[in-house]
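Side chains are part of it too, since the values below use all heavy atoms of this structure and drop only hydrogens, waters and symmetry mates. Chain letters run A, B, ... following the sequence lines, proteins first, then strands; residues in each count from 1.
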2 protein chains.
Amino acid sequence: MARDSSATKARLLDAAFSEFAAYGIAGARVDRIAEAAQANKRLIYVYYGNKEQLFDAVLQRALETGSESVPFDADDLPGYAGAVFDHLVAHPALMRLVVWKQLERPGATDAEGASYRGKIAVVVEAQRTGRIDAALDPADILTLVLGLSQAWFGAVGGPAAGGAGTGWTPERLARHRAAVVEAVRRITAPPQDTP
Amino acid sequence: MARDSSATKARLLDAAFSEFAAYGIAGARVDRIAEAAQANKRLIYVYYGNKEQLFDAVLQRALETGSESVPFDADDLPGYAGAVFDHLVAHPALMRLVVWKQLERPGATDAEGASYRGKIAVVVEAQRTGRIDAALDPADILTLVLGLSQAWFGAVGGPAAGGAGTGWTPERLARHRAAVVEAVRRITAPPQDTP
DNA sequence: AGCAAGTAACTATCTGGTTATTGACATGTG
DNA sequence: CACATGTCAATAACCAGATAGTTACTTGCT
């Protein structure tokens, strides 16, 4: 039990995820991560190199699991926006992590760029087949849909804080979710969509 | 010239603005701020108390000048969104500062809460007079409009980085601005808006 | 002189990262 | 079997540099 290096690595990664989500890269404390993981600080350097690389590992895993559980669907962008919204609300730490990354490590990684270009291509195709209004630039569509899905995070009284209970009641959240979905529908629906 | 305390205070505030926008609260360095302001570090504590209070002062001034130069107009939300967009693009440091604040100091201040409630009231009135679709919750409208205006910041290849040149060409930026304005129009326009 | 503005040097503490060492387990050898 | 050897996981103590905040002092203006 005490000699399982992969378990220790995983505990460190989990602890680092929480720490980075809460404090960002600059604010995160290596000692706190080690303590929360019940591991020795040294092992962070053995397994992950240094604080920055640990952050990279945390972010990569978080984004992987994120894009796995919310597959992109250009044929139903309102549904996709709702799914992204649900996932972020369910995992506010992931939301915070992404924002920290945006501030402290701007610029897209190769994986992000590839995923982005893939989505663009799918949107273009959906525009060609008439399922998305072709008047808007596909890159703009993507940006706006994501922006709408994440808008709650920046809202006044929004749950930018730590983890759980955050001022928004479930009803309020559900209503906002519906508003996001409807907004995406109005933006992306092709003309003459309401017969 | 060398003995003008208000000028020194202003220089410190400017330097602190840049520093906090670039590195956040945890990442900001008091020594760097003093050096950039060509002032003695001690004066930060004399004039502003400590690092956190200095951040508060920076944020307050930034938000004040922000809301001054972009007045809220519920009767023309697309135009308002465009104006917010323009202002943030012209002052990316302000955008970053707001996001840092959201992460490192969650929760709305009294001033923010008041401004928010004021906007809500104006939106409600605009819905009553039929200038905004009344089907959506006013709080959601506000959140979505702001989210759209800021969506570019989170975009792939977006200018989350430092200050100036950031991958987005002026043309790309103008196109995205038009997309934001059009998106807000589609979301907020009352039914039967196109005669 | 007297007061406000400004400064250099200092300190206590923190923090990322490292060194030297120990403990556990497996394997090969006589 | 008994025992030496090598390897991997883990640990405690340590260190050099950084950092927020302070103390005691000087400068310049009226």
Side-chain angles (χ1 to χ4, degrees), chain A residues 1-62 96-97 100-101 103-106, chain B residues 1-62 96-97 100-101 103-105 162:
Chain A
M1 194 191 303
R3 300 252 121 200
D4 184 346
S5 74
S6 71
T8 306
K9 280 177 81 164
R11 283 203 319 278
L12 280 171
L13 210 59
D14 288 343
F17 176 82
S18 299
E19 178 78 9
F20 283 126
Y23 303 105
I25 302 179
R29 294 293 166 250
V30 188
D31 287 323
R32 265 199 305 248
I33 293 174
E35 187 188 350
Q38 300 203 65
N40 191 279
K41 181 169 56 150
R42 183 75 234 276
L43 299 179
I44 289 175
Y45 299 94
V46 170
Y47 293 140
Y48 296 102
N50 60 27
K51 193 176 161 183
E52 297 248 322
Q53 290 172 268
L54 177 59
F55 180 81
D56 291 342
V58 164
L59 184 72
Q60 186 183 338
R61 196 194 54 167
R96 291 178 57 88
L97 198 72
W100 284 118
K101 185 262 175 186
L103 286 171
E104 301 192 278
R105 298 206 135 205
Chain B
M1 196 190 302
R3 299 250 127 195
D4 184 347
S5 73
S6 70
T8 305
K9 280 177 79 163
R11 283 203 319 278
L12 281 171
L13 210 58
D14 288 343
F17 175 82
S18 299
E19 178 77 10
F20 283 126
Y23 303 104
I25 302 178
R29 295 294 166 249
V30 182
D31 287 324
R32 266 199 305 248
I33 293 173
E35 187 189 350
Q38 300 203 61
N40 190 280
K41 180 170 54 153
R42 181 76 234 275
L43 299 178
I44 289 175
Y45 297 93
V46 171
Y47 295 139
Y48 296 101
N50 58 29
K51 192 175 159 183
E52 297 249 320
Q53 289 171 271
L54 177 59
F55 179 81
D56 291 341
V58 164
L59 185 72
Q60 187 183 338
R61 196 194 55 166
R96 292 178 56 90
L97 198 72
W100 284 119
K101 185 262 175 188
L103 286 171
E104 301 192 278
R105 299 203 135 208

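Using a 4.0 Å heavy-atom criterion, one finds that A:Ala28 contacts the sugar-phosphate atoms exclusively.
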Q: Would you sort out whether B:Phe20 and B:Leu97 count as a side chain to side chain contact (heavy atoms under 4.5 Å, CB included), showing the intermediate values?
A: CA-CA 7 Å; B:Phe20 283 126; B:Leu97 198 72; 3.7 Å; yes
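B:Lys51 places its NZ atom 15 Å from the P atom of D:dA18, with the value rounded to the nearest Å. Atom OH of A:Tyr45 and atom P of C:dA20 are 18 Å apart (whole Å). We find that CD1 of B:Ile44 is positioned 14 Å from C1' of C:dT7, with the value rounded to whole Å. In this entry the distance linking OH of A:Tyr48 with P of C:dG17 reads 16 Å, nearest Å. A:Lys41 places its NZ atom 13 Å from the P atom of D:dC15, with the value rounded to the nearest Å. Here the P atom of nucleotide C:dT15 and the CD1 atom of A:Ile25 are 16 Å apart, to the nearest Å. One interatomic measurement links the two molecules: CZ of B:Arg42 to P of D:dT22, which rounds to 7 Å at whole-angstrom precision. With rounding to whole Å, B:Arg32 atom CZ is found 14 Å from D:dA20 atom C1'.
Taking 4.0 angstrom as the limit, B:Thr8 places a side-chain polar atom (N or O) nearer than this to OP1 or OP2 of C:dG6.
Side chain of A:Leu43, nearest nucleotide from C:dG6, D:dT11, C:dG17: D:dT11. Among the nucleotides D:dT11, C:dT7, C:dG16, the one closest to any side-chain atom of A:Asn40 is D:dT11. With D:dT19, C:dG17, D:dA10 as the choices, the nucleotide that has an atom nearest any side-chain atom of A:Asn50 turns out to be C:dG17.
B:Arg29 and B:Lys51 make their closest contact through NH1-NZ, 4.0 Å (heavy atoms, listed as atom of the first residue, atom of the second, distance).
Residue A:Gln53 qualifies as enclosed at atom CD: its count of foreign heavy atoms under 6.0 Å is above 12.
No donor-acceptor distance shorter than 3.5 angstrom exists from the side chain of A:Tyr48 to the backbone of A:Asp56, with no hydrogens or angles considered.
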